[in-house]
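Everything on this sheet refers to the single structure shown next.
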2 protein chains.
Amino acid sequence: MTTISINSPADFHVHLRQGSMSALVTPHVRKGGFNLAYVMPNLNPPITTTAQALLYKAELQKIDPTVEYLMTLYLSPDITPEEIRNAKKAGIVGVKSYPRGVTTNSDGGIESYEMYYPVFEAMQEVDMVLNLHGEIPSDSNTNTHILNAEPQFLPHLHRLHAAFPSLRIVLEHATTRAAVDAVKQCGETVACTITAHHIALTVDDWAGQSWNFCKPVAKFPDDRQALRDIIREGHPRFFLGSDSAPHPPHSKSTSTPSNGCAAGIYTSPILLPLVAHLLESFGALERLQGFVSENGRAFYKREVSRDIQTTVVLRKVNAGSGIIQEAYGLGTDSVVPFWAGRKLDWEIVEGQ
Amino acid sequence: MTTISINSPADFHVHLRQGSMSALVTPHVRKGGFNLAYVMPNLNPPITTTAQALLYKAELQKIDPTVEYLMTLYLSPDITPEEIRNAKKAGIVGVKSYPRGVTTNSDGGIESYEMYYPVFEAMQEVDMVLNLHGEIPSDSNTNTHILNAEPQFLPHLHRLHAAFPSLRIVLEHATTRAAVDAVKQCGETVACTITAHHIALTVDDWAGQSWNFCKPVAKFPDDRQALRDIIREGHPRFFLGSDSAPHPPHSKSTSTPSNGCAAGIYTSPILLPLVAHLLESFGALERLQGFVSENGRAFYKREVSRDIQTTVVLRKVNAGSGIIQEAYGLGTDSVVPFWAGRKLDWEIVEGQ
């Protein structure tokens, strides 16, 4: 097999930023082989209203109208059940919960979810998706740190699922065997995204190497193995969400004694070839269509759009080609992709 | 108490480099309050013979004759029992073992220690010290990574101690509760050094912050607590070895996609005030004399020298002073200390 055709690749977790950086990175969704982007709301200020989300969607469509943008709201105390119903009517798909470091109303380190139960009730009723950044804040007193922050979050996932069994929940960017096991144990309404970089990296790769530093951090080899195994198994509730996150190169390359580097790995412009390369490396290439399209689209109830070109063809690269470029630029902005300078075994030949 | 007098502080693990960098950093031993330096042999090429060690010692004495330098050899297949006896006669104190990533003659990832048993036998006989970098190489296939590399080494420590019960062994720069427990369980011939930075940092501090990156990496809050507890307990077989390791600032601050930053934290010029500051922060200031002088000197059988000034006086700093300087320079070399720009509560007023 030297070519693979993938129908309607969909990235169910991506950061498209604002302003000039957005103009640079938004076209990379399509460049990386994807025609659906599930867009994260953590702008500054965050997207907390339907009006903001629609405005943001229009901006993204203006930059690249060939991609379908699914919009989300940032879970905050401002969001009411009524706003949820408005959002649903306006086509907003999900609400993203980020961990908060605050003590007030906190429950096990995370902002108490109980205060959001009326919102979740409304989301369940109108069939919106809850996207969870599944980590609790570090706390030396309880030995909570960036390597066990995700396992320690999982009881929250189980409680939410029990309280709202019909609410569709996605545990985002899972990094641990514990998270994979937890999602498997849940019912059909709970799914999980996995990034490309978390099936490539372990803790050894980001130690002293800021370009491989992201949050959640990549964990241990056994955790990476669990992510690879669930993909190879073809489990229908696990699918790609790249968490591709662009940062200015200097903020990635450089730390001062008082400021560390930015957290985030940028995969958008190379995403489909990268995922094909990685899946092939652990014997899961036959799961590519399911992992990057079918599984996520089924969970999100997003039928393949008939309006836009939907087939992307990958070809095995010839010797000497497939080198990932060092940077992408537009105006004064630039961004460095994951694995810059390394070689991928696959490239897009149609549908980009 | 606003002043503390410490008798003959001794740093039982320090990297003093070569050439112009050595000229810059060697005087920092004294500047940081210490008059004994146990000098690591990992130069390029490494110190593997008595002749090399004596030459290196002479270079250090030329730079700063007021410090007592204890010299070590780098354990390698070239070292013979005869060389050990020569080394002992020449005043060499120890032999340092570094982990090797090679497969040949490897035992659980580390170069097999059995091949060195004749050397260890000679060391035991002449009473030299074996210094162990206690980590095994990372290996994804066995889920061995930088966070469990030390616990997985500990069976080697126990085997060596059982095979050579009279051989004095130091587990260097311990970072885990498991290592502390293992050393406690051993007999009187096994001791352990602890760095200043490992009682300050955890994994969260070096994630994305290259200035806090060193090897062994700082571990979890519970591990740090074990290090702090054994110091507060005043256990006589645990003592300071700073592992202070200077690097050119650019190699610490900056990573490229193909090259990470240098591993190492530089504490020499602020060492005694830093250790006082840290011990006070967890209620162990009364253990300062034992931790930075008595315990290590007793284990190494190094009586306090009568030839050099031996008392260092620390004073609690006034508000507004005690800021750690941003860098130290000499010629074209410079080095940035740990916690640059932060404030220490103690300063040296006599004996520097």
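A, B, ... follow the sequence lines: proteins, then strands. Residue 1 opens every chain. In this text, all values refer to a predicted model and were calculated from it rather than measured experimentally.
When heavy atoms are compared at a cutoff of 4.5 Å, A:Val336 approaches chain B solely by way of its side chain, counted from C-beta outward. Within the 4.5 angstrom heavy-atom criterion, no atom of A:Ala263 approaches chain B. Interface remark: A:Arg224 contributes side-chain atoms only to the contact with chain B (heavy atom separation under 4.5 Å).
Taking chain A as the reference chain and counting heavy-atom pairs below 4.5 Å, the highest number among B:Ala262, B:Cys261, B:Ala149, B:Gly341 is found for B:Cys261. Heavy-atom pairs under 4.5 Å with chain A peak, among B:Asn259, B:Asn212, B:Thr256, at B:Thr256. Here A:Leu147 is the residue among A:Val217, A:Thr202, A:Leu147 with the most heavy-atom pairs under 4.5 Å with chain B. Chain B forms the most heavy-atom pairs under 4.5 Å with one residue out of A:Ala207, A:Ala340, A:Ser138, A:Gly260, and that residue is A:Ala207.
Note that CG of A:Asn141 and CD of B:Gln225 are 9.0 Å apart. Values are rounded to the nearest 0.5 Å.
Checked by atom type and distance alone, the side chain of A:Asp204 pairs as donor or acceptor with a backbone atom of B:Ile146 at under 3.5 Å. In this structure a side-chain-to-backbone donor-acceptor pair under 3.5 Å is present from A:Asn143 to B:Asp222.
Nearest heavy-atom pair across A:Ser255 and B:Gln209 is CB-OE1, 3.5 Å. Considering all non-hydrogen atoms of both residues, B:His145 and A:Pro221 come closest at CD2-CD, 3.6 Å.
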